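Data block below; observations after.
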Amino acid sequence: MEGENGEVEAVAGARLHEMSMALAKEVTAERTVEVLLEHVLAVTGAAAGAVGLVSQSGTEVSLVGFSGLREDEVQRYETFPLSADNPMAQSIRTGEPIFTRSADELGSRFSGLSESRLVFASLAMIPLLVGDRPFGALSLSYGESREFDPAERALLAAAAEPAAHALERARLYERQRSLVDRFTFLAEAGELLAQSLDLETTLQRFADLASNRLADWCGIELLAEDGSLRNVAVAHVEPSQVEFAKALRTKYPPDPEAGAWRAVRTGESELFPEVTDEMLVEAAQDEEHLRLIRQLGIRSVMTVPLAARGKTLGAITYVASGEGRRYTEEDLELGEELARRAALAIDNSMLFTREHDAALNLQRALLPEGFPEIDGIEFAAHYAPAGEGLEVGGDFYEVTAMDDGTVSVTIGDVAGRGIPAAAVMGAVRTAFRTHVLDGQPPAEAVCRVDRLLRHSAGPPQMVTAFHLRLDPATGSAEYVRAGHPPALLRRPDGAVEELEGEGIPPLGISSEISYEADRVEIPPGSLLLLYTDGLIERPGEDLLVGVEQLKDALRRAPADAASCLRALRREFRIDEIFDDVAMLAVATTASAREGG
Amino acid sequence: VTDERRGDVQLSREGDSVTIALSGEIDLATAPRLDAAIREVESGGSTALVVDMSELTFLDSSGLRVLLQASVRARQDGDRLSFIPSTNAAVNRLIEMTGTRELFGA
């Protein structure tokens, strides 16, 4: 007998060794459980086995794998409270194994067990622990009555030990991996939010990212100026569901006492790990609403306020639907971390929009509203602010008519952007106008503006300008080009020339300079085009290319000033140019000289 | 393609003199980096700054503004700022067109 026992033990020992080796190869909890169940019946001689693990919340036990059990059996016990009156829960609570030799004994010790649990004769429930902390249990059922003598108990303990270690290692591995995932996810989200797209596109992409990684549904609401809550992004792992959610929202606006509204009002996050049907009934506004929200399959929800610099801007709602995901405190932390980043991006964008609008309004207010009426001369101007993501620049133009019948036209570009550039632009434009009305010829007017800029307080201001005075009666003109691209003149015969002249540096940066204005004849039937560099500058391209393109376009442009600018706007797609562009067209008609 | 075309701003120090070597394209996207580099040198108390433009392949008006504004600050503060000129036709075109050749000391 002893020899036979020894042989049995030797076989069991070899199988145990084999199981330990197999477990050592696995890194995920799922695979570890599978491998354990593959081997453990052979090691122990049991007919059925199951593994239960304590949930993240620490209050529930979930069956994560089984073998030899009927499907319906497992479903009944899939998840149960740690406080339940069954052998697995008790074994995990106490950290002690439970052995029942017969179905009768099991039934009498655990009166709450259903009949179906009693199909096996005997049961061994071995806690899985690392150190003295039980985190699950291995359940083994036998078809025959067993005594569980000390040798067998030792074997079972020996089988549970490598299983516990493998599971603990897998848990740590998965935790590690989820931390790495989390960092990657946050980095990805940060990068996305830093892109200079318009706010709604950015938030939609953000919601798409979140709905892949942290939610099945993700919705973003922003508080509008009128105090309403506006949905700006909805994403679902299943894109076809998005329209359904949007339609639902339109028909049933968010409850002002719950969800996103409550997050906005209280500034506090809310976590609903388990959304029950009773909660849906409670939340539904009517029968139809209930039917629709049941269809969404909401199982777990987090609402997180979007707050930055002490203001609440809106809220993000994360929803887990269907099987699988249930939100935990850890998920909420991640959801809040994401919301913090999103809120900052939203606040920056809103700040930028406000400043951008203010600068643009100022810019517009500082540009002339109309042009003087002069016989034989037509004016047209166009200003296109910089594209998305770039502050308004300091481009300007000015037309001043003198009592002596001459007219001055100026276009310029103040270095810098935003409100400061707009303010300098206003001052420079007024300065030009003042000197012109004061009777200063072009060279002197430019010289005075240069001096004004050089003697201003604060950091040096740099302005490029093209300034020209025309006597419509004679067609003679004088101009000064200061660091600015040459104006273009189309003569009545269609030839286009650059008014390059001698040229001086931009205003405000040189020491006192003296120069004479250049002269040009502008006969009736000519078209003069003044513009800022945004029109001819292309990334990585020689300015010559832009100038030649513009000359070519001007050759073909209609003769009247307004139509000419319309044609150039179309051809140069100036609303799509990244930089600011200002254009001023002056057309002299044949009547000018006759009128004078 | 974008990476090769992007501009680069390299600082090197020799005694009290700092050289900022520009290469590739200095434009709307890279001009802020150039501005930051120049201001860093200015605040570092160096006696001379040399901006080497010999490897520059493109300069736009925003890059030019950064250089011109630096030259104005240098004059105001009595700092020594000099330029090693560019041999690139497009860069020189911008300098010619803006009448700033003299400011680059060439």
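Each chain gets a letter, A, B and so on, in the order the sequences are listed, and its residues count up from 1. Since the structure is predicted, the reported quantities are computational estimates derived from the model, not experimental observations.
Looking at A:V547, only its side chain comes within 4.5 Å of chain B, counting heavy atoms on both sides. Heavy atoms of A:I509 lying under 4.5 Å from chain B belong to its backbone as well as its side chain. For A:E502, no part lies near chain B; criterion is any non-hydrogen pair under 4.5 Å.
The number of heavy-atom neighbours closer than 6.0 Å to CD of A:E571, taken from other residues, nucleotides and ligands shown, is above 12. For B:E96, the CD atom counts as densely surrounded, since its 6.0 Å shell holds more than 12 non-hydrogen atoms of other residues, nucleotides or ligands. Counting heavy-atom neighbours within 6.0 Å of A:R555 CZ, excluding the residue itself, gives a total above 12.
Among all heavy-atom pairs drawn from B:L94 and A:E537, the shortest one is CD1-OE2, 4.2 Å. The nearest pair of heavy atoms linking B:M97 to A:I536 is SD-CD1, 4.5 Å. Residues A:A415 and B:R65 approach most closely at CB-CD, 3.4 Å, considering heavy atoms. Residues B:A89 and A:D542 share a closest heavy-atom pair of C-OD2, 4.3 Å.
Considering CG of B:L68 and CE of A:M462, their distance stands at 4.5 Å, rounded to 0.5 Å. Here the OG atom belonging to B:S61 is positioned 8.0 Å from the CG atom belonging to A:L543, to the nearest 0.5 angstrom. Atom CD in A:Q461 sits 8.0 Å away from atom CD in B:Q69 (nearest 0.5 Å).
Considering only residues two or more places apart in sequence or on other chains, A:R538 meets the side-chain hydrogen bond (donor to acceptor under 3.5 Å, both in side chains) condition with none of them.
For the pair B:E25 (side chain) and A:P539 (backbone), a donor-acceptor distance under 3.5 Å is absent.
Annotation: maximal heavy-atom pairing with chain B below 4.5 Å, among A:E500, A:R481, A:R454, occurs at A:R481. By number of non-hydrogen pairs under 4.5 angstrom with chain B, the leading residue of A:P505, A:G503, A:G534, A:P486 is A:P505.
The only option from B:L64, B:T100, B:V72 that meets the side-chain contact (heavy atoms from CB on, under 4.5 Å) definition with A:P506 turns out to be B:T100.
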